[in-house]
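Scope of the values below: all heavy atoms of this structure, side chains included, with no hydrogens, waters or symmetry mates. In the text below, chain A, chain B and the rest are named by the order of the sequence lines, each starting its count at 1. Values in this document were obtained by computation on a predicted structure and should not be read as measured data.
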Amino acid sequence: MIKAITGTKDILPGEIEKWQFLEKLVRNELENFNYNEIRTPIFEETALFSRGIGEATDIVSKEMYTFKDRSETSISLKPEMTASVVRAVLEHSLDKQFGLNKLYYISPMFRQERPQAGRLRQFHQFGAEALGSMHPALDAEMILICYRIFKILGLKNVSVKINSLGVPESRENYKKILREYLSDKIKDLSEDSKKRYETNILRIFDSKDERDSEIMKNAPLLIEYLDNVSLEHFEKVKQILLAAQVPFEVDPVLVRGLDYYTNTTFEILSGSVGSQSALCGGGRYDLLSEQLGGRKIPGVGFAAGMERILLACQNEGILQLPETCIDVYVVRIDKELENETAAFGNLLRERNLKVEFDYQSRSVKAQMREANRLNSINVIMFGGEEYQRGSAVLKNMKNGEQQEVNLSDIDSLINKLK
RNA sequence: GUGGGUGUAGCUCAGUUGGUUAGAGCGUCUGGUUGUGGCCCAGAAGGUCAUGGGUUCAAAUCCCAUCACUCACCCCA
């Protein structure tokens, strides 16, 4: 038997309702904030991601699904959306048509990592990008949108972390200082952190190794080396969040794995999922469009993991959706009336009712059991002597009451069914 | 890529120190008189015990390998 690829999942009836609910909620919220949906292709030229996200990042260096098409072009399945959205805005000159572009998406993403709780190879994100403004209100808005959605869902165990990475110059300067601080302590670091010292020194801060934490306790912090403009921007973001009553904490060691971030970064974590606890993450990327070879367009955005959100909901016992039901089950009493029963059922379907009937020539009892299993609100018994005189039996399945209804007066029948 | 755990019916799981035709609950299907659901009752279908080797008179049970799933590291949504 061929099975689904490792790290991919079928979403079956019973589960899909939760996805539809979440998608509807997300659309509604993002549209209230006046974001417009954008859909970009599932794959792009690999160079878009390697340039946008950063050649050295884990995503690009070891997690992308990359292959060559028949014309030898290197193609990659999208591992995230920001680079694609910026590409689309540049390509269609949306930045010239509108001063500010507020866009949102709901889409599958692909990363070839080892699957675990809250991590798949094909996973789904919703997110938003606001392009064309440096205003801190938009940074705060991203956080507010996520926070609102989690709140509406009823998630309890969430915490908002924010930080500022400043501009690249101050970050590089800071890295130098951190490198100096650690230069005589390298030998005491964990093996992982020794590697991080070379590849991604900021990551040593969130090492889970005790020795590392001990060493990092007294390390200089990035925020102490930010330029004044960045600091001021960060202050404004915080003030707006306070005014919007979004609880948050500044996490001076919040580092994100994508190269394009400048100034604000944030994550919202859940204590209700496994160790992959970030439900969403994002930040500002004022230099990305130029890195992609385009005009300068400042931007800020976020992405949220839908599997993780649904997992958190499940673990917190929220998002209990009502059972599905149908309006009418048409029970066929006489075997020879199969065609007429189907035609009648389809007539009701045309009148926008959710209707089911039997396709297997089953007994009346079996049809009734099926109607019950489907939570049918009504049953229409089609056939027998009532059929001979142009009527049928309508049964209300909640209270069991039955009445004879005239089949020639469909409108009054429909009224009874609605 | 590196570790740990787990693989028995569609689902959730039992299966005693290796010992006859492999079990339960739920679900599915049929029936409980001629045209009526839920509850109840009766019955049925459904398993190469993940796969391949090995040990043994005898393996779901012990050993090895492979694969899959799962959790964690790394990293991230």
Side-chain angles (χ1 to χ4, degrees), chain A residues 1-9 12 14 53 56-63 78-82 105-127 146 190-193 195-196 199-200 203 206-209 254-258 265-270 273-282 301-312 329 331-335 337 360 362-387 392-402:
Chain A
M1 265 300 289
I2 296 174
K3 301 206 290 182
I5 301 286
T6 296
T8 68
K9 281 260 189 299
L12 304 175
I53 300 168
T57 60
D58 279 22
I59 291 177
V60 169
S61 65
K62 53 185 196 193
E63 295 171 4
K78 58 185 175 191
E80 60 111 39
M81 269 294 271
T82 305
Y105 58 85
I106 301 176
S107 173
M109 305 292 164
F110 305 85
R111 290 182 204 172
Q112 193 163 179
E113 299 179 86
R114 193 74 157 252
Q116 69 183 80
R119 179 163 62 194
L120 291 167
R121 290 183 174 182
Q122 174 173 344
F123 59 103
H124 299 78
Q125 291 185 330
F126 65 82
C146 294
S190 67
E191 286 309 308
D192 276 338
S193 288
K195 274 182 223 151
R196 291 187 183 110
T199 57
N200 197 346
R203 284 251 160 243
D206 41 33
S207 168
K208 284 155 193 163
D209 191 290
L254 173 64
V255 181
R256 298 189 47 79
L258 291 75
T265 58
F266 75 93
E267 279 182 2
I268 299 183
L269 306 172
S270 168
V273 294
S275 71
Q276 305 304 317
S277 57
L279 298 186
C280 70
F302 76 88
M306 299 176 77
E307 281 83 357
R308 287 184 190 176
I309 291 167
L310 290 172
L311 187 62
Y329 191 97
V331 168
R332 179 207 59 255
I333 292 169
D334 298 323
K335 279 214 162 57
L337 287 180
Q360 297 164 91
R362 298 202 292 179
S363 67
V364 171
K365 183 199 274 285
Q367 293 178 71
M368 286 302 293
R369 280 186 171 154
E370 182 73 353
N372 187 65
R373 195 183 67 79
L374 294 171
N375 287 322
S376 192
I377 297 162
N378 296 290
V379 159
I380 290 177
M381 317 282 297
F382 200 79
E385 52 193 61
E386 291 88 348
Y387 182 74
V393 174
L394 169 62
K395 177 167 185 171
N396 180 313
M397 294 293 275
K398 291 282 172 297
N399 58 24
E401 282 170 20
Q402 299 192 175

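Across C74(B), C69(B), G31(B), the shortest atom-to-atom separation from the side chain of Thr6(A) is found for C69(B). Closest approach to the Lys395(A) side chain among U36(B), G35(B), A77(B) is made by U36(B) (side chain taken as heavy atoms from C-beta onward). Closest to the side chain of Ser275(A), from the set A77(B), C69(B), C73(B), is C73(B). Of the candidates C74(B), G38(B), U36(B), C74(B) carries the atom nearest the Gln276(A) side chain, counting heavy atoms from C-beta on. Ranking U30(B), G32(B), A77(B) by closeness to the Lys365(A) side chain, first place goes to G32(B). Taking only side-chain atoms of Val364(A), from C-beta outward, the nucleotide of G37(B), G35(B), C73(B) with the closest atom is G35(B). When distances are taken from the side chain of Arg114(A) to each of G3(B), U36(B), G31(B), the shortest belongs to G3(B). Considering only the side chain of Arg369(A), G31(B) comes nearest among A77(B), G31(B), C29(B). For Asp192(A), counting side-chain heavy atoms from C-beta on, the closest listed nucleotide (C73(B), C71(B), C69(B)) is C73(B). Checking U30(B), U28(B), A77(B) against every side-chain atom of Arg373(A), the shortest atom distance belongs to U28(B).
No engagement by Lys195(A) is indicated, since no non-hydrogen atom pair under 4.0 Å with the nucleic acid exists. Using a 4.0 Å heavy-atom cutoff across all strands shown, Gln360(A) reaches no nucleic acid atom at all. Using a 4.0 Å heavy-atom distance criterion, Gly118(A) is classed as a base contact. As judged by a 4.0 angstrom heavy-atom cut-off over every strand, Leu310(A) is placed among residues making no nucleic acid contact. Within the nucleic acid shown, Gly400(A) comes within 4.0 Å of at least one base atom, counting heavy atoms only. Nucleic acid contact class of Ile333(A) (heavy atoms, under 4.0 Å, all strands): base. Using a 4.0 Å heavy-atom criterion, one finds that Val393(A) contacts the bases of the nucleic acid, with or without backbone contacts as well. Contact annotation for Gln402(A): base contact, defined as any heavy-atom pair under 4.0 Å involving a base atom. Using a 4.0 Å heavy-atom criterion, one finds that Ala278(A) contacts the sugar-phosphate atoms exclusively. Ile309(A) comes within 4.0 angstrom of no nucleic acid atom, judged by non-hydrogen atoms across all strands. Within the nucleic acid shown, Arg332(A) has no heavy atom closer than 4.0 Å to any nucleic acid atom. At a threshold of 4.0 angstrom between heavy atoms, the contacts of Thr57(A) with the nucleic acid are absent.
Under the Watson-Crick and G-U wobble criteria, each requiring two contacts below 3.5 Å, nucleotide U48(B) is left unpaired. Checking G43(B) for Watson-Crick or G-U wobble geometry (two distances, each under 3.5 Å) identifies C29(B) as its partner. If you check U12(B) for Watson-Crick or wobble pairing at under 3.5 angstrom, you find it paired to A24(B). With a 3.5 Å ceiling on both atom-pair distances, the Watson-Crick or G-U wobble partner of U6(B) is A68(B). For C73(B), the paired nucleotide is G1(B), the pair qualifying as Watson-Crick or G-U wobble because both relevant distances are below 3.5 Å. Using Watson-Crick or G-U wobble geometry with both donor-acceptor distances under 3.5 Å, C62(B) finds its partner in G54(B).
One can place CZ of Phe382(A) at 18 Å from P of U36(B), the figure rounded to the nearest angstrom. Protein atom CE of Met381(A) is 10 Å distant from nucleotide atom C1' of G37(B), rounded to whole Å. Atom C1' of nucleotide U2(B) and atom CD of Gln116(A) are separated by 13 Å, given to the nearest angstrom. The nearest whole Å value for the distance from the CD1 atom in Ile377(A) to the C1' atom in G38(B) is 16 Å. The CE atom of Met368(A) sits 17 Å away from the C1' atom of G31(B) (whole-angstrom rounding). Lys62(A) has its NZ atom 11 Å from the C1' atom of C73(B), to the nearest Å. Residue Arg256(A) contributes atom CZ, which lies 11 Å from atom C1' of C75(B) at whole-angstrom precision. Between the CZ atom of Arg362(A) and the P atom of G37(B) there is a distance of 14 Å, rounded to whole Å.
Spacing between G5(B) and A65(B) at atom P, rounded to whole Å, works out to 13 Å. Look at the C1' atom in both U12(B) and C64(B): the space between them is 31 Å, to the nearest Å. Nucleotides G3(B) and A9(B), compared at atom C1', are 33 Å apart to the nearest Å. As rounded to the nearest Å, U16(B) and G54(B) have P atoms that lie 25 Å from one another. Across the P atoms, C13(B) and U70(B) are found 14 Å apart, a figure rounded to whole Å. Taking atom C1' on both nucleotides, G32(B) is separated from C39(B) by 14 Å, rounded to a whole Å. Distance noted for atom P between A60(B) and C41(B): 34 Å (whole Å). Straight-line distance between the P atoms of G47(B) and C11(B): roughly 13 Å, to the nearest whole Å.
For the pair Thr6(A) and Pro115(A), the minimum side-chain heavy-atom distance is below 4.5 Å. In this structure, Ser107(A) and Lys78(A) have side chains that are in contact, with non-hydrogen atoms separated by less than 4.5 Å. Counting only heavy atoms from C-beta outward, the side chains of Pro79(A) and Glu63(A) never approach each other to under 4.5 Å.
At the phosphate of G1(B), neither OP1 nor OP2 sits under 4.0 Å from any side-chain N or O atom of Gln112(A). Distances shorter than 4.0 Å separate none of the side-chain N or O atoms of Arg119(A) from OP1 or OP2 on C74(B). Under 4.0 angstrom from either OP1 or OP2 of G35(B) there lies no side-chain N or O belonging to Ser363(A).
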| message | Please determine whether side-chain hydrogen bond (donor to acceptor under 3.5 Å, both in side chains) holds for the pair Thr199(A) and Arg196(A), giving the CA-CA distance in whole Å, both sets of side-chain angles, and the decisive distance to 0.1 Å. | response | CA-CA 5 Å; Thr199(A) 57; Arg196(A) 291 187 183 110; over 6 Å; no
| said: Show, in sequence, the C-alpha distance, side-chain angles and deciding distance for Phe126(A) and Tyr105(A), and conclude whether the ring-ring contact (aromatic ring centres under 6.0 Å, His included) test is met. | reply: CA-CA 5 Å; Phe126(A) 65 82; Tyr105(A) 58 85; 8.3 Å; no
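For Ser207(A) and Met306(A), each mapped to the nucleotide of RNA chain B holding its nearest heavy atom, the one lying further toward the 5' end belongs to Ser207(A). In terms of position along RNA chain B, the nucleotide closest to Lys3(A) lies nearer the 5' end than the nucleotide closest to the other residue of the pair Lys3(A) and Glu307(A).
In this structure, Arg119(A) pairs ionically with Glu113(A), as a charged nitrogen and a carboxylate oxygen lie closer than 4.0 Å. Taking a cutoff of 4.0 Å between a charged side-chain nitrogen and a carboxylate oxygen, Glu370(A) and Arg362(A) qualify as a salt bridge. Under a 4.0 Å N-O distance rule, the pair Glu307(A)/Lys9(A) does not qualify as a salt bridge.
Taken to the nearest 0.5 Å, the CD atom of Gln276(A) stands 10.5 Å off from the CG atom of Leu120(A).
Between the side chains of Glu267(A) and Ser277(A), no donor-acceptor pair is found at a separation under 3.5 Å.
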